[in-house]
Protein chains: 2
Amino acid sequence: MKEIEHGFVMTGAEPNKNDGVENREAATGGLDVMLCFAIYGAAHAFTRAYKPLLEPLGLTYPQYLVMMALWAEDGQKVKALGDRLGLDSGTLSPLLKRLEQSGLVKRKRDAEDERQVKITLTPQGVELKERSAGVMEAIGEATGCSLEEVGMLRAALVGLKDRLEGAEER
Amino acid sequence: MKEIEHGFVMTGAEPNKNDGVENREAATGGLDVMLCFAIYGAAHAFTRAYKPLLEPLGLTYPQYLVMMALWAEDGQKVKALGDRLGLDSGTLSPLLKRLEQSGLVKRKRDAEDERQVKITLTPQGVELKERSAGVMEAIGEATGCSLEEVGMLRAALVGLKDRLEGAEER
DNA sequence: CGCAATTCAATTGCGTGCAATAGATTTATG
DNA sequence: CATAAATCTATTGCACGCAATTGAATTGCG
């Protein structure tokens with residue numbers, strides 16, 4: 001138990017602790033690593049926090065995101081859902097199949113364009129919206145963030161995501 | 001295409017757009033949903049950004065995190081790695097097996113406590129640290145964040161994660 | 001019109017994440 | 001000391017997440 005305090009970048013070490021590394025690149029690199037690890041951890045923490053709330057509804061967290069997209073706009077195509085959620089058909093196809101087996105949505109080939117599949121909420125799918133009302137509230141409480149904090153954090157993360165995705169294409 | 005502008009919380013809709021909902025809970029709920037979705041998206045964006053950088057090294061992103069933990073402190077037990085990375089044995093056991101098959105680490109039962117398994121870097125595992133030097137730098141560039149931004153974001157996310165995890169246990 | 005290129009959903013394969021369980025070992029308790 | 005409780009790793013099963021491929025349908029181009 002002697003080497004617990006070693007300044008490992010992924011723990012809560014302070015940004016300015018750069019043991020023996022003096023060039024700027026390595027220092028910033030350490031910070032960015034900490035950032036990506038913080039996001040990694042926060043994302044998992046969110047999923048874990050949602051899990052017990054969604055379990056009574058019979059939904060996983062990604063399924064909940066899909067249902068929210070459909071509650072906002074019913075009858076979307078798989079492609080549109082994928083664009084909005086950042087998921088491809090390899091993820092959505094089996095997920096939607098499970099939602100269909102749960103009786104929450106219906107999948108139907110579009111008559112006008114047979115390539116597309118339209119996802120429609122069943123009455124049970126619509127009804128689930130009310131039953132899920134408490135979920136957002138509970139999560140909001142668990143975050144313990146002010147509205148300003150949430151807004152700023154969200155904006156920063158969206159900007160970060162856009163820059164990361166923009167960098168790929170160059 | 002008439003209902004594209006519907007205020008769906010997961011898109012870039014402004015926080016103050018609360019169509020017909022006047023109670024505070026629902027408004028904060030919407031914001032928190034946007035926050036968790038922003039984190040979800042940013043986390044995936046990070047993973048995607050790392051992927052092409054780590055591919056030449058033969059590592060996935062979680063494997064890279066494990067290797068970083070070992071570069072910081074070699075010879076850690078599986079439990080210690082799990083605590084640090086927030087992963088359990090169900091994730092780490094197969095991951096470490098793959099790292100061993102790649103020749104980067106060795107797994108050995110601890111002689112003093114046969115329940116524990118000690119993970120040690122092979123010479124190739126040690127050598128990979130140098131070859132991965134450019135990864136952090138490239139990611140740092142892709143984020144396009146100032147050091148202050150990164151530090152603040154990271155602190156906010158760590159705090160958020162702690163609060164979410166603390167809320168579970170109550 | 002006819003054929004190539006594109007678009008879209010589904011499938012396959014692999015690697016996480018995590019709950020639940022199993023198996024072995026160590027520690028605690030009577 | 002013996003037995004129960006706790007600890008630790010591995011395994012199983014399920015659900016993503018994504019690259020790559022397939023197959024069907026549509027669009028574009030000559």
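So you know, we letter chains A, B, ... as the sequences are listed, proteins then strands, and number each from 1. Since the structure is predicted, the reported quantities are computational estimates derived from the model, not experimental observations.
Judged by Watson-Crick or G-U wobble contacts below 3.5 Å, the nucleotide dA2(D) has dT29(C) as its partner.
Using a distance-only test at 3.5 Å, with no hydrogens or angles considered, no donor-acceptor pair links the side chain of S132(B) to the main chain of V135(B). Between the side chain of S89(A) and the backbone N or O of L92(A), no donor-acceptor pair lies under 3.5 Å. Put simply, the side chain of D110(A) never gets that close to the backbone of Q116(A): no donor and acceptor are under 3.5 Å apart.
For K118(B), the NZ atom sits in a loose shell: 12 or fewer heavy atoms of surrounding residues, nucleotides or ligands are nearer than 6.0 Å.
Rounded to an integer number of Å, the gap from L54(A) CG to dC18(C) C1' is 15 Å. Atom CD of E55(B) is separated from atom C1' of dC14(C) by 13 Å (rounded to the nearest Å). Atom NZ in K108(A) sits about 15 Å away from atom P in dA9(C), given to the nearest Å.
Using bins of under 30°, 30° to 60° and over 60° for the plane-to-plane angle, the ring pair Y64(B)/W71(B) lands in the perpendicular bin.
Evaluated for a side chain to side chain contact (heavy atoms under 4.5 Å, CB included) with L81(A), the options L95(A), V117(A), L87(A), L70(A) yield exactly one hit, L70(A).
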Notebook entry, point to check: In B/S/- notation, 5' to 3', how is nucleotides 8-20 of chain D contacted by protein heavy atoms closer than 4.0 Å?
Noted result: SBBB---SSBBB-

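Nucleic acid contact class of E112(A) (heavy atoms, under 4.0 Å, all strands): sugar-phosphate only.
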